[in-house]
Amino acid sequence: MTDLASPVDDVLDARKAQARAWFESLRDRIIQAFERLEDEAPPSLYAGAPGRFELKPWAREAGGGGVMGMMHGRFFEKVGVHVSTVHGEFAPDFAKTMPGTETDPRFFATGVSLIAHMRSPRVPAVHMNTRYICTTKGWFGGGADLTPLLAEQRLPDAPDAVAFHAAMKRACDAHDSAWHEKFKAWCDEYFYLPHRKEHRGIGGIFYDRHDSGDWDRDFAFTRDVGEALLEVFPRIARGRMAEAWTEAEREEQLVRRGRYVEFNLLYDRGTTFGLKTGGNVDSILSSMPPVVKWP
């Protein structure tokens, strides 16, 4: 006798496939946009040939895998744009921290992540991650945040900060006018280094275990976060790419990058999730800047 999948299983499988397809398509569009920026960067400031992404598939022994996309360019000093889709069982200790695992430790997770460290200290670093996770429950999570490396660009009314927050607000407001205030505050709380008593950057939005009860609405919101990043960061980067910088500004950039390393290794949930679930270590730690200083 053959077991037949229930209608609930069919719906869940369709949702998993939809989410995975979206994250992979967003990855492709981000790569195209970032390679265009590589081409446009003025040779007088950025010597050498424009960089191109190298895509490396990887497999997870316990189930699933992904594709790691890396570029070391002339404008992008180091940028990773990765997708993954993994499944299996959480380890018992980690399962205790995840919703919906009380009676069943199995999970499914798919998502896209990017982190860009720019050669120019006048162009901010940027991070975005969106994901869909299922146990016996399902939810979305992620967000996007901007990290200017120079002090004057980290002021609340600095042009790049204003533009970035406005883009994230539009993504939130399209679905719920209360979400931006909530997710912006969550981001400020999350990307905070308590041992330094300072924020990593100027923030953005952050949300986790997000389930409003309407899957289609939550998925549309998550798509809009990706669209917002794809629109606003290239605009910010183009506005800064022709600005010359000083050695003192480069030094400031390298020191501030140290804060990025400290946060990702000490506090970042994505780093913990990837390592705890047997993800690709090179991909997980690709968020580390290529050059950094702790004077």
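Reckoned from all heavy atoms, side chains included, excluding hydrogens, waters and symmetry mates. Count residues from 1 along the sequence. This one's a predicted model, so the numbers in the text were calculated from it and none came from an experiment.
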Anything under 3.5 Å between a donor and an acceptor, one on a side chain of residues 108-117, the other on a protein residue two or more places apart or in another chain? List them.
from: Thr110; atom 1: OG1; to: Ser84; atom 2: O; distance (Å): 3.3
from: Thr110; atom 1: OG1; to: Thr85; atom 2: OG1; distance (Å): 2.9
from: His117; atom 1: NE2; to: Ser287; atom 2: O; distance (Å): 2.9

Set of residues satisfying side-chain contact (heavy atoms from CB on, under 4.5 Å) with respect to Glu102, sequence neighbours excluded = none

Using the test salt bridge (Lys or Arg N to Asp or Glu O under 4.0 Å), find all partners of Arg259 that sit at least two apart in sequence or belong to another chain.
-> Glu198

Salt bridge (Lys or Arg N to Asp or Glu O under 4.0 Å) with Asp188: which residues, sequence neighbours excluded?
-> Lys184

What pairs of residues pass the salt bridge (charged side-chain N to carboxylate O under 4.0 Å, His left out) test when at least one of them lies in residues 154-164, not counting sequence neighbours?
-> Asp160-Arg240

Hey, could you give me each pair passing salt bridge (charged side-chain N to carboxylate O under 4.0 Å, His left out) that has a residue in residues 267-283? Not counting sequence neighbours.
-> Asp208-Arg269

Please confirm whether Arg15 makes a cation-pi placement over Tyr132, using NZ or CZ under 6.0 Å from the six-membered ring centre and within 45° of the ring normal.
-> no

Between CG on residue Leu254 and CD on residue Glu249, distance to nearest 0.5 Å | 12.0 Å

Listed by chain and number, what are the ring pair (Phe, Tyr, Trp, His ring centres under 6.0 Å) partners of [X], not counting sequence neighbours?
X: Trp186; value: Phe206
X: His199; value: Tyr192
X: Tyr207; value: Phe183, His210, Phe221
X: Phe23; value: none

Tell me the side chain to side chain donor-acceptor pair (under 3.5 Å) pairs involving residues 54-72, sequence neighbours left out?
-> none

Could you tell me whether a side-chain N or O of Arg27 sits under 3.5 Å from a main-chain N or O of His82, the two making a donor and an acceptor?
-> no

How would you list, by chain and number, every residue that makes a side-chain hydrogen bond (donor to acceptor under 3.5 Å, both in side chains) with Arg209, sequence neighbours excluded?
-> none

Would the Tyr190 and Phe263 ring centres measure less than 6.0 Å apart?
-> yes

